[in-house]
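The shown structure was predicted, so the numbers you read here are calculated from the model rather than taken from an experiment. Whatever order the structure lists ligands and atoms in, that order sets their numbers, starting from 1.
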Amino acid sequence: MEQKLLWGAATSSYQIEGAVSEDGRTPSIWDTFCATPGTVTAGETGDVACDHYHRMPADVALMAELGLDVYRFSLAWPRVQPDGAGKGNPAGIAFYDRLVDELLAKNILPWVTLYHWDLPQALEDAGGWPNRDTAYRFAEYAAVAYDALGDRVSQWTTMNEPWCSAMLGYITGRHAPGRRDARAGFAAVHHLLLGHGLASQVIREKARANGRSEGLEVGITLNLAPKIPASESPEDIAAAHWEDGLSNRLYLDPLLRAEYPADVAAKLEELGCPLPVQDGDLSIIAQPVDVLGVNYYSSNVVAAAPAGPNGWPASTAVQRDVERTAMDWEVTPEALTGLLLRLEREYPGPAWYITENGAAYADAPDANGFVDDADRERYLRTHIDAALEARARGANLRGYFAWSLFDNFEWSYGYDRRFGIVRVDYDTQERTPKRSARYYADRIQEEKKRELMSPVQTG
Ligand code: FCB
């Protein structure tokens, strides 16, 4: 029988919780990064954010009003296991206990992401993700988290977007911890993936030992962006293939085929940035993945450019004449259909979930705080349509999460970019569902009705 689709919304700990020094939480790399002048727009921080830590029950009630089946949130590692070591912090864990209970009481499935970028600063001080030991620390943290919540949570995502952690965190320095060291960045790629594999093993073993394997879904979320060659010329095709290698294949291949893409691995080696693979690592990384989360925002057209002075392959992004969001990202829903079909064709096996999809626009609230965001509604509608089209054509798509439930702390952009379907007034912390939230709530109901009416499919 065809699986039911799940409809949800997503957030992450540092972007919404606030309460950064409460109940034993220690600083994460994002606290340190935000405190460093010149890193985040207007010097903003996640100190208060959406104050979700103190407003959680009302926030969950709002999710229920919108009719969400599932809520994807992340645990703050420095809240659960301060400084990234030891048995776990009961006061910090208690928050997630209450959140999970509140969700279950409202019939909303809790979907946990273990790592959405808030590494304990103590672990960065010990070398961060370029240090292999961090992968083992991550597996220990996964054990603490699973022991605390595994009796009620079956959906576990290890990492959110390791590309961002490695590239933006350690290579471009746009994100915490703000390092600019390519060699360290590619070591981070490998250790993030190794951490995923080790943590998946821990969760599966614990679930098995506790008789909770049924319904368990373990996976990882990647940001995948199709790279479309600007022309049929061999140079443009090669440039797009390289970009696809760096952004997509470098993660998909080890996870789902137990090998790094040979072209990318060889080039990195040549450039002095080898992937520090040890014997046995790839079989750990390629643990069975129940769920591959896809975060999709945009696609890029890529044209060849002369290699940089240091030998790095270069390319240019060709601007298309299409709508853009406030992030300057091109709105290309059709590329989502193509992406899901490609995943099904080239990497069959996991269930695909769109774990993030959404858009920032320059919202203008009326006197009541209502935002008539027809642009965001259109973005959601066309992307949901595109995802369902891929499903109709055979992609094993099982669910969709809007990013984000709330306006929140958008990393280096601070509060200057709003992705929420619910507006947050940061002066009063008032929440007001936008037009897009109403649309999404209606769409969920419509899709459920359609599902009920469609003939049961077997086989
Ligand atoms: C993704 C992140 C998420 C949010 C959106 C806009 O890369 O996972 O936290 O910042 O982009």
For this session: Over 60° means perpendicular and under 30° means parallel, so classify the ring planes of H383 and Y296, tilted if in between.
Result: tilted
Problem set entry | Protein contact to atom 2 (C) of ligand 1 [nearest heavy atom, distance to 0.1 Å] | E356 OE1, 3.4 Å
For this session: Cation-pi check, R79 to Y53: give yes when NZ or CZ is under 6.0 Å from the six-membered ring centre and within 45° of the ring axis, no otherwise.
Result: yes
Exercise. Under 30°, 30 to 60°, or over 60°: which ring-plane class applies to W7 and Y440, parallel, tilted or perpendicular?
Worked result: perpendicular
For this session: Using the six-membered ring wherever Trp is involved, compare the ring planes of W129 and Y115 and label them parallel, tilted or perpendicular (cut-offs 30° and 60°).
Result: perpendicular
Exercise. Relative to each other, are the rings of W403 and H116 parallel, tilted or perpendicular (30° and 60° limits)?
Worked result: parallel
Exercise. Any idea which of E410, E161, H175, M327 brings a heavy atom closest to atom 4 (C) of ligand 1?
Worked result: E410
Problem set entry | Atoms in ligand 1 flagged as close to H116, the criterion being non-hydrogen separation under 4.0 Å | 2 (C), 3 (C), 8 (O), 9 (O)
Exercise. Is the closest heavy-atom distance from N160 to ligand 1 below 4.0 Å?
Worked result: yes
Problem set entry | Parallel, tilted or perpendicular, as decided by the 30° and 60° cut-offs, for the rings of Y14 and W411 | parallel
For this session: Say whether W411, considering both its backbone and side-chain N or O atoms, lies within less than 3.5 Å of an N or O atom on ligand 1.
Result: yes
For this session: Return yes or no for this condition: an N or O of Q15 is under 3.5 Å from an N or O of ligand 1.
Result: yes
For this session: Have a look at F419, Y14, W117, Y297 and point out the one with the heavy atom closest to atom 11 (O) of ligand 1.
Result: Y297
